Amino acid sequence: MAGLWAALLGSLCALPRGAAAEWPGCQEQNTVIRNAGQALFTNLQGYGATIGCFLDDCMSSDKFVASEIDSCAKVCFSLPECQHWVWGTEEGEQKCWFRTGDAGREAGEGWVSGAKGCHPPGTQVMPMGNMECWAEGFGYNECCDAKYGPNGNAQCWDGVYNYDRCCFPKEEL
């Protein structure tokens, strides 16, 4: 019996931090993962980020203002390069940050961090923009990419479809 417990304990210790428990037990309380060269700058606007981004640019940011911690986990799960998310307060606002690694891990009162696999049950990859807009060769990349400027690709829009309706998801973060 002692051998069984030792094997079980050994297998739990082999799991990455935050992976031994399911949501919300996988959250690492009072832990922050600072930049340390591993900040994930990406387009967060397509997932619904509109404020609190780096230099007010949600098209290239590693953070955004979020109304709940679940948003951090869901967006990280949707970003292929994301390995860790962080939830905490900056300038009086609750925000999410995204990291490609955890080299900047340190104790931080009130901060919560999680690995990519730490997310609410049933979490699925979030689509970018409003999926109701895309058909017949039109999609987020073809219509909303930053290379087209602040209003997207003009060839995508008509009286029904426009940048604001299509380039942001229907649900807020």
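Predicted, not measured: the structure shown is a model, and the values here were computed from it. The figures here come from the full heavy-atom set of this structure, side chains too, leaving out hydrogens, waters and symmetry mates.
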Exercise for review: Determine, step by step, whether Tyr161 and Cys156 satisfy the side-chain contact (heavy atoms from CB on, under 4.5 Å) criterion, reporting the C-alpha distance in whole Å, the side-chain angles of both residues, the deciding distance to 0.1 Å, and the verdict.
Suggested key: CA-CA 8 Å; Tyr161 299 101; Cys156 294; over 6 Å; no
Check your understanding: So Phe98 and Lys63, side-chain contact (heavy atoms from CB on, under 4.5 Å) or not? Walk me through it.
Key -> CA-CA 7 Å; Phe98 304 97; Lys63 64 182 177 178; over 6 Å; no
Point to revise | Steps toward side-chain contact (heavy atoms from CB on, under 4.5 Å) verdict (Phe54, Asp62) | key: CA-CA 7 Å; Phe54 182 74; Asp62 69 329; 4.2 Å; yes
Practice item. Start with the C-alpha distance between Leu44 and Leu79, add both sets of side-chain angles, then the distance that settles side-chain contact (heavy atoms from CB on, under 4.5 Å), and finish with yes or no. Key: CA-CA 9 Å; Leu44 298 173; Leu79 296 168; 4.1 Å; yes
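At least one donor-acceptor pair under 3.5 Å links the side chain of Gln38 to the backbone N or O of Ala103. Put simply, the side chain of Ser113 never gets that close to the backbone of His84: no donor and acceptor are under 3.5 Å apart. The main-chain N or O of Gln29 is found under 3.5 Å from a side-chain atom of Thr31 such that the two form a donor-acceptor pair. Not a single donor-acceptor pair under 3.5 Å links the side chain of Thr123 to the backbone N or O of His119.
Of all heavy-atom pairs spanning Pro169 and Gly46, the tightest one is CD-O, 3.5 Å. Asp102 and Arg105 get closest at one heavy-atom pair: OD2-NH2, 2.8 Å. A pairwise comparison of heavy atoms in Ile51 and Cys58 identifies N-SG, 3.9 Å as the closest pair. Taking each heavy atom of Gly152 and Trp157 in turn, the nearest pair found is C-NE1, 4.0 Å.
Cluster membership for Met59 and Val75, using ILVMFWY side-chain heavy atoms within less than 4.5 angstrom, is shared. Linking Ile, Leu, Val, Met, Phe, Trp and Tyr residues whenever their side-chain heavy atoms come within less than 4.5 Å places Leu40 and Trp87 in a single cluster. Connection of Tyr163 to Val160 is established within a shared hydrophobic cluster, with ILVMFWY side chains joined at heavy-atom distances below 4.5 Å, either directly or through further cluster members.
Trp111 shares a hydrophobic cluster with Val32, Ile33, Val86, Trp97; the chain of contacts runs through ILVMFWY side chains whose heavy atoms sit under 4.5 Å apart.
Of the inter-residue distances, the one linking Met126 atom CE with Met128 atom CE reads 9.5 Å to the nearest 0.5 angstrom. To the nearest 0.5 Å, atom SG of residue Cys166 and atom CE of residue Met131 are 11.0 Å apart. Atom CD of Glu109 is separated from atom CG of Asn30 by 4.5 Å, given to the nearest 0.5 angstrom. Distance check: Asp164 CG to Asn151 CG gives 8.0 Å after rounding to the nearest 0.5 Å. Atom CD of Glu81 and atom OG1 of Thr100 lie 9.0 Å apart (nearest 0.5 Å). To the nearest 0.5 angstrom, Arg165 atom CZ is 8.0 Å from Lys170 atom NZ.
Using a 4.5 Å heavy-atom threshold, the side chains of Trp23 and Ile69 count as touching. In this structure, Phe168 and Asn130 have side chains that are not in contact, with every pair of non-hydrogen atoms separated by 4.5 Å or more. Inter-residue side-chain proximity for Phe64 and Lys95 is flagged as unmet; no heavy-atom pair is nearer than 4.5 Å.
In this structure Asp56 satisfies the side chain to side chain contact (heavy atoms under 4.5 Å, CB included) test with no other residue, sequence neighbours excluded.
The side chain to side chain contact (heavy atoms under 4.5 Å, CB included) test with Trp85 is passed by exactly one of Ser71, Cys76, Cys96: Cys76.
Pairing of Cys118 with Cys26 by a disulfide is supported, the SG atoms lying closer than 2.5 Å.
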Which atom pairs, one a donor and one an acceptor, fall under 3.5 Å between side chains of residues 138-149 and the rest of the protein, sequence neighbours left out?
{"from": "Tyr140", "atom 1": "OH", "to": "Asn43", "atom 2": "ND2", "distance (Å)": "2.8"}
{"from": "Glu142", "atom 1": "OE1", "to": "Gly139", "atom 2": "N", "distance (Å)": "3.1"}
{"from": "Asp145", "atom 1": "OD1", "to": "Lys147", "atom 2": "N", "distance (Å)": "2.9"}

